[in-house]
Amino acid sequence: MSNIAGRVREVFRGDQRVDADALIARLDAVRRFLTAVDGLLPDADLVPAHTLVERAGTRLALSRDHTVVALAGATGSGKSSLFNALAQLELSPVGVRRPTTGVTHACVWGPLEGANHLLDWIGVLPRHRFVRESALDADDETALHGLILLDLPDFDSVQRSHRLEVDRLLGLVDQVVWVVDPQKYADRVIHDSYLREFHRHRDVTLVVLNQADRLPPAEVPRVMDDLRRLLDTDGLTGVPLLATTAVDPAGMVGLRSALERTVAERQAALRRLAGDVDTVVAGLDELVGSARPAGGPDDTAINGLNRALAGAAGVPAVTEAVERAYRHRAGAATGWPVVRGWRRLRPDPLRRLHLPGPTGDQADPAESLVAATSVPDPTAAQRSALGLAIRAVADRAAADLPAAWPGAVTSAARSRLGDLPDALDRTIAGTDLGLDRRPLWWRIVGGAQWLVTLAAVVGLGWLVLGYALRALGLPALDNPMLGQVPLPTVLLLGGLLAGLLVAALTRPVVRWAARRVRARAEQRLTARVAQVGDEYVLAPVRIVLGSYAQARDALRDAARR
Ligand SMILES: Nc1nc2c(ncn2[C@@H]2O[C@H](COP(=O)(O)OP(=O)(O)O)[C@@H](O)[C@H]2O)c(=O)[nH]1
Ligand SMILES: [Mg+2]
């Protein structure tokens, strides 16, 4: 048995007064519990709590000045006789005339008007309602003013409808007087099916051994002791136990004064509901448990999720393309001008994925509402890895929760699975991959390449001109010399060599820079993908964990008596 139920039992005392405000606060806590777990726990487990909240609200709203007491028992125990004797009216048909009574009769002490709403709710038909108030004996009966006494059908009736009616009414009344007789007081049915079930309502339970006159006087204490022992076994230690004789007014004194006390205290309705809250809380206890849950999924599970999301989103393919695109674009900007144009003809690797192209144009925000990129769809392996990672997140998050919750946590983790692919795609499309700006050094190297190429072209032109003049027999150009070599030759060969040299020197730098850009893009993409994971997987899980915490706190408040 877990802590909350344990606490309920610890503080349970038979004649403790129940404060109406405290009871209302406990009922509110049950209501908060129901709100917190709505849609998360199986409805079937919550029926008693819903019933309680509904019933208690109505009972408290109806009349707190009335106390509804039911006479319950097996056929022939003397319920109707006790009812008639207390009411001092021949109201309810006694068994001699009609062996079973299938309808509930009510007798109201005091004006009927105030009690009518209560009786409507309880479901006693107006023609079965009686008033015990007459000018003649008003004074005798004032002590019972506010009492509504019910004569219930027999709980062992062969008619199922009678038994259902009894069960229904036992759920509504403020106090139950269990009537047993010397022959049947030890019957299994009353103890197993009824009295034991009422152990949390000990303080609104009263047991009478009726027909005491049928026992030899010396036998009465022995039977009472035996019955007391049985009640102890039922968990009803300490409930008042009286001997009555319905056919003799003297044999009714004890019961009458017990009812007068109940009416005077005006506690029965509150105590009954407090007992109901105890029962409901004890029933809900295992749904919530007492262990404080961990704050959420652990880092290992989250890292696993982020890796799986990155895989499913195609982050490796995109970063690979980023690296290649950097090399492509850097090559086009800094390469040897003679082959640059040819490079430009080749498609840009990022363009092929419909990611920002060479000019750095971002995806159109309107377009990005639909699948925005042509990054390859996740493979079956990536999809199942993602499924497993989500499962792991849910399992870790729900590890400390009672058995009813992991299912809700898993559903929450998977709740937006269908939206994930689009969200990931939009995120990839919207991530700045770091290729927008052309680095300054590209322009410097590119400029240098143009310069040395220009030198080579000038040298070539110069040489061609010299040959042409010579071929036409015109006076040759007077080539300035650089050391032993003519300047145009220096320009041509030097320009060509320098171009190749710059290209050769630039290549490793481009490779290195491409890897850096790739690493940075990977970092950004991973961070953005993790945000998607947080929004689509972790946030719903956190909401369920929050609901769990609320439910747990609410139930703790509801348990506080
Ligand atoms: N001697 C005696 N007979 C009783 C007593 N109470 C009820 N009876 C009789 O027991 C029979 C059944 O009583 P009834 O009130 O109809 O029982 P119910 O089925 O529980 O309503 C009737 O014949 C009553 O007269 C009692 O205290 N003493
Ligand atoms: Mg009867």
Side-chain angles (χ1 to χ4, degrees), residues 68-108 119 122-125 127-130 132 147-170 172-173 175-191 193-195 198 205-224 226-227 240-259:
V68 184
V69 178
L71 296 167
T75 318
S77 56
K79 299 177 295 300
S80 301
S81 303
L82 288 172
F83 182 85
N84 292 352
L86 285 164
Q88 296 170 34
L89 290 169
E90 278 301 299
L91 301 177
S92 201
V94 186
V96 192
R97 268 172 278 155
R98 232 198 288 169
T100 53
T101 43
V103 289
T104 305
H105 291 84
C107 182
V108 179
L119 285 168
I122 289 170
V124 177
L125 294 177
R127 67 170 180 280
H128 299 130
R129 299 175 192 174
F130 304 99
R132 182 72 190 90
L147 174 66
I148 299 177
L149 190 66
L150 303 184
D151 178 16
L152 301 196
D154 310 319
F155 65 56
D156 56 350
S157 165
V158 286
Q159 290 208 37
R160 199 175 132 75
S161 63
H162 294 186
R163 300 199 304 269
L164 291 175
E165 173 74 350
V166 173
D167 291 345
R168 189 183 71 78
L169 287 162
L170 287 177
L172 299 178
V173 300
Q175 179 164 49
V176 183
V177 175
W178 296 96
V179 183
V180 296
D181 61 58
Q183 278 89 52
K184 293 198 279 183
Y185 73 90
D187 265 12
R188 282 251 311 279
V189 187
I190 183 168
H191 292 281
S193 305
Y194 288 95
L195 290 172
F198 262 71
T205 296
L206 208 140
V207 180
V208 300
L209 177 73
N210 189 39
Q211 307 185 19
D213 60 306
R214 292 198 165 159
L215 285 170
E219 275 288 280
V220 175
R222 194 193 57 77
V223 173
M224 293 285 272
D226 196 29
L227 179 51
L241 170 62
L242 308 166
T244 55
T245 302
V247 293
D248 172 10
M252 297 294 297
V253 174
L255 176 58
R256 219 189 129 85
S257 49
L259 291 175

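Atom set for the values below is all heavy atoms of this structure, side chains included, hydrogens, waters and symmetry mates excluded. Atoms within a ligand are numbered from 1 in the order they appear, just like the ligands themselves. Residue numbers run from 1 in the order of the sequence given.
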Of the backbone and side-chain N, O or S atoms of Thr75, does one lie nearer to the Mg ion (ligand 2) than 2.8 Å?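 No, Thr75 does not qualify, because none of its backbone or side-chain N, O or S atoms lies under 2.8 Å.
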N/O donor-acceptor pair under 3.5 Å between Ser77 side chain and Ala74 backbone: yes
Interfacing atoms of ligand 1 (cut-off 4.0 Å, heavy-atom, [X]):
X      : answer
Ala246 : 6 (N), 26 (C), 27 (O)
Arg214 : 1 (N), 2 (C), 3 (N)
Asp213 : 1 (N), 2 (C), 26 (C), 27 (O), 28 (N)
Thr245 : 27 (O)
Asp154 : 19 (O)

Validation row: Met224, Leu209 side chains within 4.5 angstrom (heavy atoms):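 In short, these two side chains touch, coming nearer than 4.5 Å.
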Within the structure provided, determine whether Leu147 and Val69 are in side-chain contact (heavy-atom separation under 4.5 Å). yes
Just to be sure I read this right, does ligand 1 sit under 4.0 Å from the backbone of Ala74, its side chain, both, or neither, counting only heavy atoms? backbone
Counting heavy atoms only, which part of Leu82 comes closer than 4.0 Å to ligand 1: side chain, backbone, both or neither? neither
Taking the six-membered ring for Trp, are His105 and Phe130 parallel (under 30°), tilted (30 to 60°) or perpendicular (over 60°)? parallel
Against ligand 1, does Gly73 come closer than 4.0 Å with any heavy atom?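 Gly73 does not count as a contact of ligand 1 under the 4.0 Å cut-off.
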